[in-house]
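For reference, positions follow the sequence shown, starting with 1. Quick caveat: nothing in here was measured; it's all calculated off a predicted structure. Excluded from the calculations below are hydrogen atoms, water molecules and symmetry mates; all remaining heavy atoms, backbone and side chain alike, are included.
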Amino acid sequence: MKVVIVGGVAGGATAAARIRRLDEDAQVIVFERSGYVSYANCGLPYYIGGVITDPEELTLQTPESFWERFRIDMRVRHEVTAIDPARKVVTVKNLQSGETFEESYDKLLLSPGARPTQPPLPGIGIERLFTLRTVEDTLKIREFIDKHHPKSAVLAGGGFIGLELAENLRELGLDVTIVQKPMQLLNPLDEEMACFLHAQMRKHGVHLMLGHLVEGFRQNGEQVDVLLESASPLTADLVILAIGVTPDTGLAKEAGLKLGIRGSILVNDRMETSVPDIYAVGDAVQVQHVVTGDAALISLAGPANKQGRIAADNICGGHSRYGGSQGSSVIKVFELTAAVTGINERTAKQAGIDCDKVYLSPANHAGYYPGGKVMAMKVLFEKGTDKLLGAQIVGYDGVDKRIDVLATAIHAGVTATGLKDLDLAYAPPYSSAKDPVNMAGFMIENLSNGTLRQFFWDEIDQLPRDGSVTLLDTRTVEEYAKWHIDGFINIPLDELRERIGELDPQKPVYIICQSGLRSYLACRILSQKGFACYNFSGGYRLYQAVRLDRCAPQQACPCGMDKDPV
């Protein structure tokens, strides 16, 4: 059997090695148009920032090491320019010599990946304007920085690459601005959770120009002007386009393969395309989202590796199936960690799912053990079924652990209330006896059985201030005096039982505290005395983060709140 693989990196290189482990006699040829067949794509921003110092550390395998270990013919700087499915041959161009030749195959695997999205804007291609996708891109940016010592950079785009680049360029001392049309960074997060990232970016001196559409670029001497739709141009020594990626599927389209959303390659759960004996994996393929069942594009290394393995199994006569993707991801943003899995609230609403949510602010480990830090968690579930839909966490140590537990729960079909029953490891340096994931389950159970009713950050300003309801702040006198929400009276939780007579039992009570815990306890006290109570989910801490974010464009925040909600 002769297998030709188009593209290396995560999907193609993984498939090649797997095929050899399954079939010692198969002839495997990999054509990779770049100079690197297997590299740490996710590590590229950290080489630019100097965290990774040796460029060889980015290269996971070389053509020589692949041949020595697997006897696989890895040919870098070779670009497949055409596929003839009827004849089962590909046309290949040697990018070094210019030679063009044909290569036959019994099985063909496409792993072309995705290319940086480059809209047809004026100025695309000018000097000092870069994209970041390959090792070559990385080396060009690093070489430019070492040679020209830029003092400022504009990043067009606030996704994973944009945020990682912002951090690394700031660590090099550059003045960094992120500009993009969306009003929030990191689209997988919901608006209120992204506020914590915005605060962290601004804390470290990264300027955010959110809600501004880039219209083009213009050379300005030794600098670049970034032209904006409704604002003055931004001028910088270095500009990097990081507005997302587009499936690189021109080859598949020309060969007549069926395409899916945004021009991606359509595959079944065996990673087979619409043409016999042609498989496809990685960022170029359409997948099914685990939670919604809808078609999706999820450009992450984990899914690409799994798909490569599955395609290899089936090429070698196996029966492996890909169960879909759920978009689990994690990112470091200076000291913070942000992580997501499943879908966010925005996506759930677009899909017509009747979702509910809980916010909580647990510490990463036992409160009595030194060094604990608070994380912000949002867990989404479907009303009525308690189906777990997704989770978002922003915090410090322990964020990755909790998101992985929640990702596993979604994959395994654990219900949202079932989170309370998970038997998770506990020791004071690592967790609490009731882990944050368990706590989310307890809260959702309270909602499901009617023990608790909630209201949310985007409802506060709409609450009546005409005396028809009671707005109650159960924080301490000192906390309330520092800052409070207009219309909320203060009765500290520990005084509530003695002062319950000050409240009218005929009026609904909307209760807030710092994190949501004391207000929940107040709800339980008042509910058992006949009051109709609603607990503010997420607490003042979440509300503060949103308000600070909305005040951030002003030099002095009129809210008078603490400037570091994280």
Side-chain angles (χ1 to χ4, degrees), residues 45 116-132 141 144-145 148 150-170 172-246 333-334 346 458 545-559 561 563 565:
T117 302
Q118 290 187 300
L121 298 175
I124 290 289
I126 65 174
E127 292 183 17
R128 296 175 177 257
L129 176 61
F130 299 88
T131 59
L132 179 60
I141 296 171
F144 176 86
I145 292 172
H148 297 281
K151 291 183 169 48
S152 59
V154 169
L155 308 177
F160 288 97
I161 292 295
L163 268 61
E164 290 169 346
L165 276 171
E167 175 182 348
N168 281 279
L169 292 176
R170 278 298 293 152
L172 291 177
L174 276 72
D175 186 77
V176 177
T177 300
I178 296 177
V179 58
Q180 64 170 24
K181 181 62 175 176
M183 287 298 295
Q184 70 166 76
L185 301 175
L186 210 61
N187 191 55
L189 293 176
D190 283 314
E191 171 192 355
E192 71 278 16
M193 299 298 287
C195 289
F196 294 106
L197 294 190
H198 298 171
Q200 182 76 347
M201 282 290 182
R202 293 180 177 118
K203 175 182 175 181
H204 285 271
V206 177
H207 311 292
L208 302 183
M209 292 280 290
L210 306 179
H212 292 277
L213 179 65
V214 175
E215 289 193 319
F217 308 92
R218 180 176 62 209
Q219 196 77 41
N220 182 357
E222 294 296 306
Q223 294 184 304
V224 177
D225 289 336
V226 181
L227 309 178
L228 305 179
E229 181 183 49
S230 56
S232 301
L234 300 172
T235 301
D237 301 324
L238 167 70
V239 177
I240 301 178
L241 272 178
I243 57 177
V245 294
T246 301
V333 182
F334 295 101
R346 182 175 60 254
D458 53 353
V546 176
R547 286 296 299 269
L548 280 174
D549 191 55
R550 293 180 175 180
C551 292
Q554 306 178 46
Q555 291 298 315
C557 177
C559 297
M561 292 190 284
K563 293 295 182 181

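- Atoms NE2 and CD, from His204 and Glu167 in turn, are 8.0 Å apart once rounded to the nearest 0.5 Å.
- One finds the CG atom of Leu238 at 7.5 Å from the CG atom of Leu155 (value rounded to the nearest 0.5 Å).
- Residues Leu228 and Val214 have side chains in contact (heavy-atom distance under 4.5 Å, counting atoms from C-beta outward).
- Take Glu215 and apply the salt bridge (Lys or Arg N to Asp or Glu O under 4.0 Å) test, not counting sequence neighbours, and it matches no residue.
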Candidate pair Gln180 and Ile243, rule side chain to side chain contact (heavy atoms under 4.5 Å, CB included), full reasoning:
CA-CA 8 Å; Gln180 64 170 24; Ile243 57 177; over 6 Å; no
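- In this structure, Gln223 contributes its side chain and Asp225 its backbone to no donor-acceptor pair below 3.5 Å.
- In this structure, Val546 and Arg550 have side chains that are in contact, with non-hydrogen atoms separated by less than 4.5 Å.
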Could you go through the side chain to side chain contact (heavy atoms under 4.5 Å, CB included) check for His212 and Leu234 one step at a time?
CA-CA 11 Å; His212 292 277; Leu234 300 172; over 6 Å; no
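- Of all heavy-atom pairs between Ile161 and Ala242, the closest is CG2-CB, 4.2 Å.
- Scanning for side chain to side chain donor-acceptor pair (under 3.5 Å) contacts around Asp190 gives Lys378, Gln392, with sequence neighbours left out.
- For the salt bridge (Lys or Arg N to Asp or Glu O under 4.0 Å) test, no residue two or more places apart in sequence or in another chain qualifies with Glu164.
- Asn220 places none of its side-chain heavy atoms less than 4.5 Å from the side chain of Pro233.
- Put simply, CD on Glu222 and CG on Asp237 are 9.0 Å apart, with the number rounded to the nearest 0.5 Å.
- The shortest distance between side-chain heavy atoms of Met201 and Val176 does not fall below 4.5 Å.
- Residues Ile124 and Leu241 have side chains in contact (heavy-atom distance under 4.5 Å, counting atoms from C-beta outward).
- Taking every heavy atom of both residues into account, Ser152 and Ala236 meet most closely at OG-CA, 3.3 Å.
- Closest heavy-atom contact between Gly159 and Leu186: C-CD1, 4.0 Å.
- Here the closest non-hydrogen pair linking Gly158 and Ile178 is CA-CG2, 4.0 Å.
- In this structure, Ile141 CD1 and Leu132 CG are separated by 4.5 Å, a value rounded to the nearest 0.5 Å.
- With Thr117 contributing its side chain and Gly244 its backbone, the two residues share a donor-acceptor pair below 3.5 Å.
- When every heavy atom of Phe334 is checked against every heavy atom of Ala166, the shortest pair comes out as CZ-O, 4.4 Å.
- In this structure, the side chain of Arg170 engages the main chain of Leu174 through a donor-acceptor pair within 3.5 Å.
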Criterion side chain to side chain contact (heavy atoms under 4.5 Å, CB included) on Asp458 and Glu192, from CA distance to verdict
CA-CA 9 Å; Asp458 53 353; Glu192 71 278 16; over 6 Å; no
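- A distance of 8.0 Å separates NE2 in His148 from CD in Glu127, rounded to the nearest 0.5 Å.
- Taking the side chain as every heavy atom from C-beta outward, Pro188 and Phe160 approach each other to under 4.5 Å.
- Residues Gly211 and Met183 come closest through the heavy atom pair CA-SD, 3.4 Å.
- A donor-acceptor contact shorter than 3.5 Å links the side chain of His198 to the backbone of Leu185.
- Distance CZ/Arg218 to CG/Leu227: 5.0 Å, rounded to 0.5 Å.
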Derivation of the side chain to side chain contact (heavy atoms under 4.5 Å, CB included) call for Phe217 and Val226:
CA-CA 5 Å; Phe217 308 92; Val226 181; 4.0 Å; yes
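- Residues Ile145 and Pro150 are in side-chain contact: their nearest non-hydrogen atoms beyond the backbone lie under 4.5 Å apart.
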